[in-house]
Protein chains: 2
Amino acid sequence: MDLVTALVAKVGAMALGTDYAQQDCSLARALEVVGERWSLLIVRDAFYGVRRFNDFLAHLDIPRAVLTSRLRSLVAAGVLRKETYQSSPTRYGYVLTETGRELWLPLYGLAQWGERHVSERGARTLFSHADCGTRLDRHGSCPQCLRPVPPEDVMMRPGTPDQPREDPVSRALGGPHRLLTPITVDGTGRAG
Amino acid sequence: MDLVTALVAKVGAMALGTDYAQQDCSLARALEVVGERWSLLIVRDAFYGVRRFNDFLAHLDIPRAVLTSRLRSLVAAGVLRKETYQSSPTRYGYVLTETGRELWLPLYGLAQWGERHVSERGARTLFSHADCGTRLDRHGSCPQCLRPVPPEDVMMRPGTPDQPREDPVSRALGGPHRLLTPITVDGTGRAG
DNA sequence: CTCCCCGGGTTCATTGAAGAGACCTAGGGG
DNA sequence: CCCCTAGGTCTCTTCAATGAACCCGGGGAG
């Protein structure tokens with residue numbers, strides 16, 4: 001490949017390929033950040049309390065290189081923040097920023113849509129208002145308290161899975177759990 | 001490559017690759033349908049009133065083959081419906097089904113998130129309640145009427161674009177427009 | 001002191017999907 | 001007869017996901 005061909009290829013790749021650059025639309029902007037494959041599932045796991053590289057890896061069955069790349073771009077976009085949870089040896093985790101937490105509504109909305117319309121057969125995961133125990137409606141509000149529930153006040157618990165996963169993270173999420181509180185994975189030599 | 005290698009490669013590609021099969025989660029199910037590149041932008045355009053193959057093409061700058069493929073899978077998933085709008089010569093358009101219309105909330109939520117957090121500088125598109133003219137809040141509700149507004153009662157109008165597009169569809173969307181009503185494209189030899 | 005483990009990555013070969021553009025087909029219309 | 005429009009296919013090239021192997025720094029056990 002000569003230089004001109006290489007340049008043309010490069011410019012072509014920049015113009016389209018990795019982004020929706022020509023779309024003057026906030027949805028396109030949002031999708032540049034969270035629209036790539038795996039991104040929203042990573043954000044979902046972050047809401048579930050997953051924080052560590054290896055836990056995302058085990059729970060998502062995502063190639064390591066792709067996880068590295070997605071975490072990096074989500075941090076760059078301000079959705080996640082890299083946080084040291086232990087020094088000597090230094091260990092990092094990834095937690096949602098306030099910007100990331102504001103993805104709760106669209107993310108919950110998409111999940112509810114999937115529940116209602118794609119291979120419906122009872123909720124796989126149930127979300128309820130931690131204060132009163134009422135199940136959230138499709139808009140993410142509490143029908144009892146009649147207002148939107150922020151993610152930190154949401155409890156999740158497993159519904160009726162069809163093929164339960166058998167990784168440590170899924171086991172850690174086997175019982176009721178408040179969103180955004182770190183999960184405690186044990187069974188692989190890690191303290192709870 | 002021998003037969004066994006080929007088989008292993010094929011099974012591997014089916015197990016992952018094109019879907020999130022191992023994820024027992026409604027969000028993953030939803031993303032299998034609308035999570036692919038371009039899918040949500042096509043749905044957005046459908047809310048805007050775009051119905052024809054060539055109009056999607058012009059407005060999205062999407063490769064024709066990809067558009068064909070996405071429209072097909074969105075129809076298969078029950079998000080869009082193929083509709084004849086003219087016979088002899090037969091012409092098809094694509095319109096949102098009720099299932100597709102229920103994507104309004106998560107789609108609007110994502111767009112609002114993008115507006116607030118990704119290169120913010122004033123709304124590119126403004127959405128308001130057709131009945132009273134009030135701008136929608138971030139949850140898609142009308143602050144005046146205090147209830148969620150269904151997409152058919154939403155008016156859109158352009159906000160402050162930074163690099164306005166110059167295709168016929170963008171021009172047709174230049175003024176206030178009620179969601180889900182077909183756009184009328186003129187200027188390319190098509191009657192309004 | 002050495003070996004091995006753990007957490008968090010990087011590198012590499014393979015392949016499926018996206019992108020760009022030419023081509024196709026059916027039905028009109030000048 | 002040729003060309004137009006609408007809605008697509010076909011082909012080639014490039015990009016990015018996958019899966020598996022390898023890397024590296026810090027500890028802890030023997």
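Each chain gets a letter, A, B and so on, in the order its sequence line appears, and its residues count up from 1.
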A.B. asks: Quick one: B:R72 CZ to D:dG8 P, roughly how many Å, whole number?
C.D. replies: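 Rounded to whole Å, this separation is 7 Å.
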A.B. asks: Holding to side chain to side chain donor-acceptor pair (under 3.5 Å), I want the full list of residues that pass it with A:Y85, two or more places apart in sequence or in another chain.
C.D. replies: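 Applying side chain to side chain donor-acceptor pair (under 3.5 Å) to A:Y85 gives A:R52.
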A.B. asks: Looking at every strand, decide which applies to A:F56 at a 4.0 Å heavy-atom threshold: base, sugar-phosphate, or nothing.
C.D. replies: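 Since no nucleic acid heavy atom lies under 4.0 Å of A:F56, the category is nothing.
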A.B. asks: Tell me which residues in residues 78-88 of chain B put a heavy atom below 4.0 Å from DNA chain C, sorted by number, or none.
C.D. replies: B:S88
A.B. asks: With a 4.5 Å limit on heavy-atom distance, are the side chains of A:L60 and A:R44 in contact?
C.D. replies: yes
A.B. asks: Side chain to side chain contact (heavy atoms under 4.5 Å, CB included) for B:W113 and A:L107? Distances and angles first, verdict last.
C.D. replies: CA-CA 11 Å; B:W113 182 87; A:L107 193 135; over 6 Å; no
A.B. asks: Whole angstroms only, please: what is the CD1-P distance between B:I62 and C:dA17?
C.D. replies: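 Atom CD1 in B:I62 sits about 15 Å away from atom P in C:dA17.
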A.B. asks: So does A:R171 pair up with A:E166, basic N to acidic O under 4.0 Å?
C.D. replies: yes
A.B. asks: Side chains of B:L71 and B:L67, heavy atoms from C-beta outward: is any pair under 4.5 Å?
C.D. replies: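 Result yes, sub-4.5 Å side-chain heavy-atom pair found.
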A.B. asks: Rounded to the Å, how far apart are B:R52 CZ and D:dG7 P?
C.D. replies: 6 Å
A.B. asks: Quick one: which protein N/O atoms are closer than 3.5 Å to N/O atoms of nucleotides 1-5 of chain C? Pair and distance per line, please.
C.D. replies:
none

A.B. asks: Out of C:dG7, C:dT10, D:dT5, which nucleotide sits closest to the side chain of B:R91?
C.D. replies: D:dT5
A.B. asks: Compare the minimum distances between each of C:dG19, C:dG27, D:dG19 and the side chain of B:P89, then state the nucleotide with the smallest one.
C.D. replies: C:dG27
A.B. asks: How long is the line joining CH2 of A:W38 and P of D:dG19, in whole Å?
C.D. replies: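 Answer to the nearest Å: 9 Å.
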A.B. asks: With a 4.5 Å limit on heavy-atom distance, are the side chains of B:R101 and B:L180 in contact?
C.D. replies: yes
A.B. asks: Specify the residue among A:L71 and B:V66 whose closest nucleotide of DNA chain C lies further upstream toward the 5′ end.
C.D. replies: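 Nearer the 5' end of the strand: A:L71.
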A.B. asks: Quick one: are B:R165 and B:H59 in side-chain contact, heavy atoms under 4.5 Å?
C.D. replies: yes
A.B. asks: What bend angle does the helix from C:dC1-D:dG30 to C:dG30-D:dC1 show across its length, from five-pair end axes and to the nearest 10 degrees?
C.D. replies: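 Nearest ten degrees gives 20° for this helix.
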A.B. asks: Less than 4.5 Å apart, side chain to side chain, heavy atoms only: is that true for B:L110 and A:V34?
C.D. replies: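 The answer is yes, as the side chains (C-beta and beyond) meet within the 4.5 Å cut-off.
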A.B. asks: Between P on D:dG7 and NE2 on B:H59, what's the gap in Å once rounded to a whole number?
C.D. replies: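 After rounding, the gap between these two atoms is 17 Å.
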A.B. asks: Apply ring-ring contact (aromatic ring centres under 6.0 Å, His included) to A:W104 and list each qualifying residue two or more places apart in sequence or on a separate chain.
C.D. replies: A:F47, A:Y108, A:F127
A.B. asks: Whole angstrom is fine here: how far is it from CG in B:D55 over to P in D:dA6?
C.D. replies: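 These atoms are roughly 8 Å apart.
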A.B. asks: Output yes when at least one side-chain N/O atom of B:R37 is less than 4.0 Å from OP1 or OP2 of D:dA16, else no.
C.D. replies: no
A.B. asks: Tell me whether the OP1 or OP2 atom of C:dG19 has a side-chain N or O from B:R70 closer than 4.0 Å.
C.D. replies: no
A.B. asks: Between D:dG7 and B:R64, counting only base atoms on the nucleotide and side-chain atoms on the residue, is there a donor-acceptor pair under 3.5 Å?
C.D. replies: yes
A.B. asks: Please list, chain by chain and in numerical order, all residues satisfying ring-ring contact (aromatic ring centres under 6.0 Å, His included) with B:F56, sequence neighbours excluded.
C.D. replies: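 Partners of B:F56 under the ring-ring contact (aromatic ring centres under 6.0 Å, His included) test: none.
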A.B. asks: Do the side-chain N and O atoms of B:Q144 and B:H129 include a donor-acceptor pair separated by under 3.5 angstrom?
C.D. replies: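 There is no such pair between these side chains.
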A.B. asks: Using atom CD1 of A:I42 as one end and atom P of D:dA17 as the other, report the distance to the nearest whole Å.
C.D. replies: 11 Å
A.B. asks: State plainly whether the residues A:R51 and A:E83 are in salt-bridge range, i.e. N to O under 4.0 Å.
C.D. replies: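 Yes, charged N to carboxylate O under 4.0 Å.
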A.B. asks: C:dG9, OP1 or OP2 - any side-chain N/O from A:Y94 closer than 4.0 Å?
C.D. replies: yes
A.B. asks: To the nearest angstrom, how far is A:L60 atom CG from D:dT18 atom P?
C.D. replies: 11 Å
